[in-house]
Amino acid sequence: MTIHNQEIADRLERAADLLEIGGGNAYRARAYRQAAQTISGLSQSVADLVANGDDLTELPDIGQRMAEKIATLVETGELPQLDELKETLPAQLSELMQLSGLGPKRVKALYQDLGVENLDDLKQALEAHRVRELEGFGRKTEETIAEHLARRQGQEPRTRLMEAEEIAQALAADLRAVDGVQDLAIAGSFRRRKETVGDLDILVTAVEDSPVMARFTGHEEVREIVSQGETRSTIVLRSGMQVDLRRMPEAAYGAALHYFTGSKAHNIAVRRMGMERGLKINEYGVFRDEERIAGRSEQEVYASVGLPYIEPVLRENRGEIEAAQEGSLPELVELDAIRGDLHCHTRASDGHESLRAMAEAGAERGYQYLAITDHTQNLTVAGGLDERRMNEQIDRIDRLNDTLGDRIRVLKSAEVDILADGSLDLPDAILERLDLCVCSIHDKLDLSREKQTERILRAMDHPSFSILGHPRGRLIGKRDPYELDLEQVLAAAAERGCFLEVNAQPKRLDLSDTDCRLAKEMGVKVAISTDAHSRANLDYMRFGVDQARRGWLDAEDVVNTRSLEALRKLLERP
DNA sequence: GCCGTTTTCGGCCCGACTGTTTTCAGTCG
């Protein structure tokens, strides 16, 4: 049973929590957190690295001692340091740390003075009003903790990017309309285009007497004002989304935008570079002693530490700073570079529109080609096509292409089910009539890692296999990816000339950012496809492009940036 | 516990806001 990167990161985080609560050297706890961060952002499996005898100390923030601990964890499933900590402190104190308003000091006080060991204990202590009697606590603190505890139940902690976008853009539009507002940006993980967003960070510059802060905290969608000040306020909207507004002087806009865009790890790394140069970098600018030497734009901030501009999607401290220093940052793929969509549905299966409507919608977006990929017979719930209906669909596409001229080319395709034994869900005679095949798994999601991997490898052996659709099968926040050895799949794809999909559906975004990066490292190109079930869904393309950009992909790495001619060539199996 | 153009010790990002105090600790991002 191999341990996943996320589990390793979680154990290290838990150890960090307990170290902080226990007091002692706070920097030691931070070292555990930083190691956890490095590992959760890694594309390769740490377990595999250890198995290969790779040197983990080459990874950032992992030294000799941490590498040994991780190796032990991978090999034995145990982290002895964590077990030792658990002997002195209850492990569940780590959960209390997750509650907003509770940090190590307060958790320690709750434990030592009130014997609170877990969330249930905390609830009882709050109800008995014993918390307010602790030194440093008070009535207000007790109430805040109680509120956060109550809200925690059954709440989705992160919002998918698309939903966050709807909320953010509406609010931003209202704030832009306030008197005296000059610049406004939505920063944070939203600007980095992370697949999910925890809260929104909005940044404004405004003339001195602008009522923007008051209009923010007084907005009709506000459910709760968490804090309010001259330059910073935090609210919770009725949707449950927490939003920060920061008001900055114009001369500091770039520095503030950089600061609030994050990620935290990226900022810390940049600030460290500043320190080495005798500079202090904060949200108000870059300072040498008391003098501000940069801050109006982000470019200035980067230039002050000798770096070129780094795109927000790359700011995760996953090697972008080193790449910037070496001048080897990728030229990220742009939405404009996409020449067609290789995965969409019509009414023939579970789509909502006609073939012609989808083709027209593709042409409106300036696409050169659009692949129609209705489901196949195995997926009965979606009205999948059998042999006869598939043949009819192919003939219909031929006739449609005759009427479309050079406006757009509709490619004959299907989203073919990969059956449990790895065979494809339509006879070869039909598959051969298709321009390409997107092949996906829709059932038997709970096979073992070995069997699921084997299933896909076998499917890829089929000469008609072109693209592996939504390769991990995850639904963000709803369903975990199925067990799969992605590296083995990528190696097989590279060998056979197959591609993997970046499914741009906001609830899928599958491959993930780190998966994209792994694909690139292993020499496998991707198709960014919307899996559209309606014309409007074709606009999901930008979410897929953002995900690919977060995975460091350039236009070369993406098959559907090619002209139709070049695409056809690429689709020919070696 | 990590790290090194101040390098094997002695640093480790930094400011805003809140609540409990009355000058500051704790938390957050």
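Proteins come first, then strands; the chains are lettered A, B, ... in the order of their sequence lines, and each starts at number 1. Since the structure is predicted, the reported quantities are computational estimates derived from the model, not experimental observations.
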For B:dT8, which nucleotide is its Watson-Crick or G-U wobble mate, given both distances must be under 3.5 Å?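 Partner of B:dT8: none.
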Given A:Lys520, A:Arg318, A:Lys194, the one that forms salt bridge (Lys or Arg N to Asp or Glu O under 4.0 Å) with A:Asp513: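 Answer after filtering A:Lys520, A:Arg318, A:Lys194: A:Arg318.
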OP1 or OP2 of [N] versus the side-chain N and O atoms of [X]: is any pair under 4.0 Å?
| X | N | answer |
| --- | --- | --- |
| A:Lys108 | B:dG26 | no |
| A:Asn282 | B:dG15 | yes |
| A:Thr57 | B:dC3 | no |
| A:Thr141 | B:dT20 | yes |
| A:Arg65 | B:dG1 | yes |
| A:Tyr32 | B:dG1 | yes |

[X] side chain: which of [options] is closest?
| X | options | value |
| --- | --- | --- |
| A:Tyr27 | B:dG1, B:dT27, B:dC3 | B:dG1 |
| A:Lys264 | B:dG1, B:dG29, B:dG15 | B:dG29 |
| A:Pro104 | B:dG15, B:dC2, B:dT27 | B:dT27 |
| A:Arg30 | B:dA16, B:dC12, B:dC3 | B:dC12 |
| A:Ser227 | B:dG19, B:dG26, B:dT18 | B:dT18 |
| A:Lys140 | B:dG19, B:dT18, B:dC14 | B:dG19 |
| A:Arg232 | B:dG1, B:dA16, B:dC14 | B:dA16 |
| A:Asp199 | B:dC3, B:dG1, B:dG29 | B:dG29 |
| A:Tyr284 | B:dA16, B:dC14, B:dT18 | B:dA16 |

How many Å lie between [atom1] on [X] and [atom2] on [N], as a whole number?
| X | N | atom1 | atom2 | result |
| --- | --- | --- | --- | --- |
| A:Arg191 | B:dG29 | CZ | C1' | 17 Å |
| A:Arg292 | B:dG15 | CZ | P | 13 Å |
| A:Leu134 | B:dG19 | CG | P | 17 Å |
| A:Phe137 | B:dA25 | CZ | P | 16 Å |
| A:Leu59 | B:dC3 | CG | C1' | 15 Å |
| A:Arg192 | B:dG29 | CZ | C1' | 11 Å |
| A:Asn317 | B:dC2 | CG | P | 16 Å |
| A:Glu230 | B:dC17 | CD | P | 8 Å |

State whether A:Phe190 and A:Arg193 meet the cation-pi test: NZ (Lys) or CZ (Arg) under 6.0 Å from the six-membered ring centroid, and within 45° of the perpendicular axis. yes
Could you tell me whether a side-chain N or O of A:Arg315 sits under 3.5 Å from a main-chain N or O of A:Ile310, the two making a donor and an acceptor?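 Flag set: sc A:Arg315 to bb A:Ile310 pair under 3.5 Å.
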Is there a donor-acceptor contact under 3.5 Å from the side chain of A:Asn25 to the main chain of A:Tyr27? yes
Want to settle it: does A:Ile268 or A:Ala31 sit nearer the 5' end of DNA chain B, counting the closest nucleotide to each?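 Looking at DNA chain B, the more 5' nearest nucleotide goes with A:Ala31.
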Toward the 5' end of DNA chain B, which comes first, A:Gly63 or A:Glu142, by nearest nucleotide?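 This one resolves to A:Gly63.
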Could you tell me whether [X] contacts a base, only the sugar-phosphate backbone, or nothing, with contacts defined as non-hydrogen atoms closer than 4.0 Å?
| X | result |
| --- | --- |
| A:Thr231 | sugar-phosphate |
| A:Gln228 | sugar-phosphate |
| A:Arg106 | sugar-phosphate |
| A:Asp201 | sugar-phosphate |

Euclidean distance for [atom1], [N] against [M] (whole angstrom):
| N | M | atom1 | answer |
| --- | --- | --- | --- |
| B:dC12 | B:dT18 | P | 28 Å |
| B:dT8 | B:dG15 | P | 29 Å |
| B:dC17 | B:dT22 | P | 23 Å |
| B:dG26 | B:dT21 | P | 12 Å |
| B:dG11 | B:dT6 | P | 15 Å |

Looking only at N and O atoms, is any donor in the side chain of A:Asp244 or the base of B:dG29 less than 3.5 Å from an acceptor on the other one?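 Per atom types, no contact qualifies.
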Under the criterion side-chain contact (heavy atoms from CB on, under 4.5 Å), which of A:Ile8, A:Thr72, A:Leu85, A:Leu12 is the partner of A:Leu79? A:Leu12
State whether a side-chain donor-acceptor pair under 3.5 Å links A:Arg191 with A:Thr261.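 There is such a pair (donor and acceptor under 3.5 Å, judged by atom type) between the side chains of A:Arg191 and A:Thr261.
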Do A:Arg246 and A:Asp244 meet the salt-bridge criterion of a basic N to acidic O distance under 4.0 Å?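 Here A:Asp244 pairs with A:Arg246 in a salt bridge, since their nearest N and O are under 4.0 Å apart.
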Set of residues satisfying side chain to side chain contact (heavy atoms under 4.5 Å, CB included) with respect to A:Asp61, sequence neighbours excluded: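 Partners of A:Asp61 under the side chain to side chain contact (heavy atoms under 4.5 Å, CB included) test: A:Gln34, A:Thr38.
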